[in-house]
> 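Supplied in structure tokens, the structure appears directly below.
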Amino acid sequence: MGDLDAHECIYRALSKPVYTLIRRLVIRPAVAEELLQDAFVEIFCSVRNYRASGSFLGWVRSIAVSKALMYLRSPWHRGTTWLGADGISSLHQEAAAAAVEPMDADLERALAMLPAVSRAVVWLHDVEELTHAEIARLFGRSTSFSKAQLARAHRHLRERLELESGGPTCMPISRNC
Amino acid sequence: MHADFQELLALRDGTPVGAEVGQHVAGCARCGSELARLKRLKHELHQLPSFEPQEHAWPLIRERLERLPRRRRVTPWAFAPAAVAAGLVATLTLLWWIRLDHGHAGSDDATIQSLVSRSQRLEAVLNTLPPRPTVERAATSAAIDELQTRIQILDQQLSAAANGDRYQTQRLWSARVQLMNSLVYVRYAEAARNGDRPDHSPTFGAI
């Protein structure tokens, strides 16, 4: 029972940041709840393997991100998403935006409507402060992939936010003055 | 030539970019304002609210942990105390047997009967202890399993030796008393650790 009490303490301390991270990556609350459970079961099963070479929260976060990315890559998730040429599904966008509360939160909505991979990269880099190298490792890709996805995410965010605010719909940065 | 998104993001994050890009952004109102916007956006992303998991999440995780096979939650070194305990019991049993070997001539019905009675009293003490918890330390569980297995083996040997020589029977009953003694100690410690402290402490000297 001692172990379970200790596990509960760890859960109480870390569940909020871990759940927030998962929610930001997968958006849907029901899926995020399930992934949160999976992540903590995995954490407690392998907690003795944790070596104090990095922060404990960092180690916990890597497990949570792996779970979320596995879900995003799974046929079950992809089966519910019709990917367009740019990786965005209008059906998926609507579902994602509908999951955002409150609905008038422009940034929340713009973030939720990003393609899943771009959203994950922008969140992991800009909020969780992961480096491009760390993100690349999580995705099994190169740092160029991470940098390109981040730039792409910001381009989408700007377009979406300008649309929401009624501003100019297009203000591309040309490489020509 | 204006900076592109990747260059502006690199500038925002303080990662190296070409000197000409930095100079351009420093002197270009459009790129400067875009850089400021990206910094603002990053700050706003940080300010987005956190989410609280549902209250029922922990009970569900706990339930899943309790359902896991016990072995998955332990590492080999967790069995070290159990191995030490089992080794101690085995050594004591061996010493007891050696001592009996030397005092072979003293085997008689009265001695055997005395050992049987002690074994029965230890069984009775064991039955008064609370039931075993569903979740417990792996080391304790392994030690108890080891002792119970050894007792079962002894019982089989006692059945086979029921009409054998008295010396052999006495040795087996002696070993059984030793093992029962150890088992009661471990079970008592287990019950005490789980808060089910029994009404009496095991006073085996009297038994």
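Here is the naming used below: chain letters follow the sequence lines, and residue numbers restart at 1 for every chain.
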> Report which part of Ile22(A) has an atom under 4.5 Å of a heavy atom belonging to chain B: side chain, backbone, both, or neither.
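For Ile22(A), there is no contact with chain B at all, as no heavy atom is under 4.5 Å.
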> Salt bridge or not for Asp13(B) and Lys147(A), using N-O below 4.0 Å?
no
> Can you tell me which portion of Glu33(A) sits under 4.5 Å from chain B's heavy atoms? Options are side chain, backbone, both or neither.
side chain
> Indicate yes or no: at least one non-hydrogen side-chain atom of Leu111(A) is less than 4.5 angstrom from one of Leu48(B).
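Touching, per the 4.5 Å side-chain cut-off.
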> Compare every heavy atom of Ala151(A) with every heavy atom of Leu9(B), then report the nearest pair and how far apart it is.
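In terms of heavy atoms, the two residues are closest at CD1-CA, 3.6 Å.
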> To the nearest 0.5 Å, what is the distance between OG (Ser144(A)) and CD (Gln6(B))?
7.5 Å
> Show, in sequence, the C-alpha distance, side-chain angles and deciding distance for Asp126(A) and Arg12(B), and conclude whether the side-chain contact (heavy atoms from CB on, under 4.5 Å) test is met.
CA-CA 11 Å; Asp126(A) 285 5; Arg12(B) 182 197 69 171; 2.6 Å; yes
> Give a yes or no on this: more than 12 heavy atoms of other residues, nucleotides or ligands lie within 6.0 Å of atom CD of Glu34(A).
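No, the 6.0 Å shell around CD holds no more than 12 heavy atoms from other groups.
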> Within a strict 4.5 Å, meaning less than it, do heavy atoms of the Arg158(A) and Phe5(B) side chains meet?
yes
> Examine whether an atom of Leu45(B) lies under 4.5 Å from a heavy atom of chain A, and if so say whether it belongs to the side chain, the backbone or both; otherwise answer neither.
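Contact with chain A is through both the backbone and side chain of Leu45(B).
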> Would you please say whether a donor-acceptor pair under 3.5 Å links the side chains of His46(B) and Glu129(A)?
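Glu129(A) and His46(B) do have a side-chain donor-acceptor pair below 3.5 Å.
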> With only heavy atoms counted, which part of Leu157(A) is less than 4.5 Å from chain B, the side chain, the backbone, both or neither?
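Just its side chain gets close to chain B.
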> In the structure I gave you, are the side-chain heavy atoms of Asp3(A) and Leu65(B) within less than 4.5 Å of one another anywhere?
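Side chain of Asp3(A) against side chain of Leu65(B), heavy atoms only: no contact under 4.5 Å found.
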> A side-chain contact here means heavy atoms from C-beta on lying under 4.5 Å apart; do Gln54(B) and Pro29(A) qualify?
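They are not in contact (no side-chain heavy atoms under 4.5 Å apart), so the answer is no.
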> From the options Arg12(A), Arg23(A), Lys16(A), select the one residue that forms a salt bridge (charged side-chain N to carboxylate O under 4.0 Å, His left out) with Glu52(B).
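That would be Lys16(A); it is the only one of Arg12(A), Arg23(A), Lys16(A) passing the salt bridge (charged side-chain N to carboxylate O under 4.0 Å, His left out) with Glu52(B).
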> Answer whether the closest heavy-atom distance between the side chains of Pro53(B) and Phe40(A) falls below 4.5 Å.
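A side-chain contact is absent here, since even the closest heavy-atom pair is not under 4.5 Å.
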> With respect to chain B, which residue among His125(A), Arg24(A), Arg155(A) yields the maximal number of heavy-atom pairs within a distance under 4.5 Å?
Arg24(A)
> Does Gln47(B) CD have over 12 foreign heavy atoms under 6.0 Å away?
yes
> Do the rings of Phe44(A) and Trp58(B) sit parallel, tilted or perpendicular, given the 30° and 60° boundaries?
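Ring orientation, 0 to 90° scale: perpendicular.
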> Does the side chain of Ile61(B) come within less than 4.5 Å of Glu8(A)'s, by heavy atoms?
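Side-chain contact under 4.5 Å: no.
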> For residues Leu36(A) and Ala57(B), report the shortest heavy-atom separation together with the two atoms involved.
CD2-CB, 4.3 Å
> Hey, is CZ on Arg141(A) packed in by over 12 heavy atoms from elsewhere, all under 6.0 Å?
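Counting other residues, nucleotides and ligands, CZ of Arg141(A) stays at 12 neighbours or fewer.
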> Give, as side chain, backbone, both or neither, the part of Ala148(A) having an atom under 4.5 angstrom from any heavy atom of chain B.
both
> Is it the backbone or the side chain of Gln149(A) that comes under 4.5 Å from a heavy atom of chain B, or both, or neither?
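Contact with chain B involves no heavy atom of Gln149(A) at all.
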> Mark yes or no for whether Glu44(B), through its side chain, and Leu107(A), through its backbone, hold a donor-acceptor pair below 3.5 Å.
no
> Are there over 12 heavy-atom neighbours, none belonging to His43(B), within less than 6.0 Å of that residue's NE2?
no
